[in-house]
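Side chains included, hydrogens not; waters and symmetry mates left out as well; all remaining heavy atoms used.
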Amino acid sequence: MKRFYVFILIALLSSSFVHGQRVDNFTLEDVLTGQNFELDKHEDAKAVVLIFNTLSCPFSKLYENRIIDLYENFKADGFVFAIVNPHFGNDPDENKQAVEERFKGRVQGLSILNDGNQNVTKQLQATKLPEVVVITPSPTGFAIAYRGAIDNNPQVPESANMRYLVSAIQSIQNKRNPSPSSSRPVGCNIRMK
């Protein structure tokens with residue numbers, strides 16, 4: 001019984017530290033443009049929305065159109081979106097040609113980042129595909145404002161009654177901390193190297 005209480009205490013403490021967890025600068029290559037995406041270059045953004053995603057995960061495919069719609073809906077409001085692919089180059093189906101076939105012509109300006117070495121995935125402790133990490137700038141650096149699921153219904157977008165990412169973005173727009181600041185992502189496991 002004592003172990004149970006210790007576990008609950010640790011879980012509560014760790015969930016309270018999600019908001020405000022500092023994020024170190026990183027640089028990843030955009031697969032589509034060949035340009036570098038550097039976190040520090042986005043200190044004027046309202047938030048940087050990183051979506052850990054791959055081409056081959058079935059859950060990623062279910063969320064693809066929603067991700068593009070979110071990007072299109074919020075990019076003009078000062079939110080920077082990027083898809084981070086932790087399997088790029090580590091899986092035969094995760095390559096530049098496949099990314100170009102999937103995204104070219106469907107969306108303009110959405111960065112698809114190569115994190116094949118998984119440095120950013122490890123830094124941000126992402127474990128699922130898709131999983132979102134929303135990072136906000138401040139005078140003291142970048143910090144995680146929200147992490148977790150996009151919404152609560154992978155199969156049927158119209159049936160999602162908890163739109164966690166939209167809620168987090170709207171909270172940031174209104175200069176409030178997202179609540180909840182985390183949710184449990186559901187999807188494919190990230191295969192760590």
**Request:** Could you tell me whether D77 and K46 have a side-chain N and a carboxylate O separated by less than 4.0 Å?
**Result:** no

Query - Pair K104 + E101: basic N to acidic O under 4.0 Å - result: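 The answer is no: the pair does not qualify as a salt bridge.
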
Side-chain heavy-atom pair [X], [Y] within 4.5 angstrom cut-off:
| X | Y | answer |
| --- | --- | --- |
| N114 | L28 | no |
| N85 | D115 | no |
| I135 | L124 | yes |
| F52 | T127 | no |
| Q173 | F79 | yes |
| T54 | P86 | yes |

Review point. Is the centre of the F37 ring less than 6.0 Å from the centre of the H42 ring?
Key: yes

Kindly say whether [Y] contributes a backbone atom to a donor-acceptor pair with the side chain of [X] at under 3.5 angstrom?
| X | Y | value |
| --- | --- | --- |
| R147 | P185 | no |
| Y71 | G109 | yes |
| Q118 | R191 | yes |

OG of S60 to CD of E131, rounded to nearest 0.5 Å, is 11.5 Å

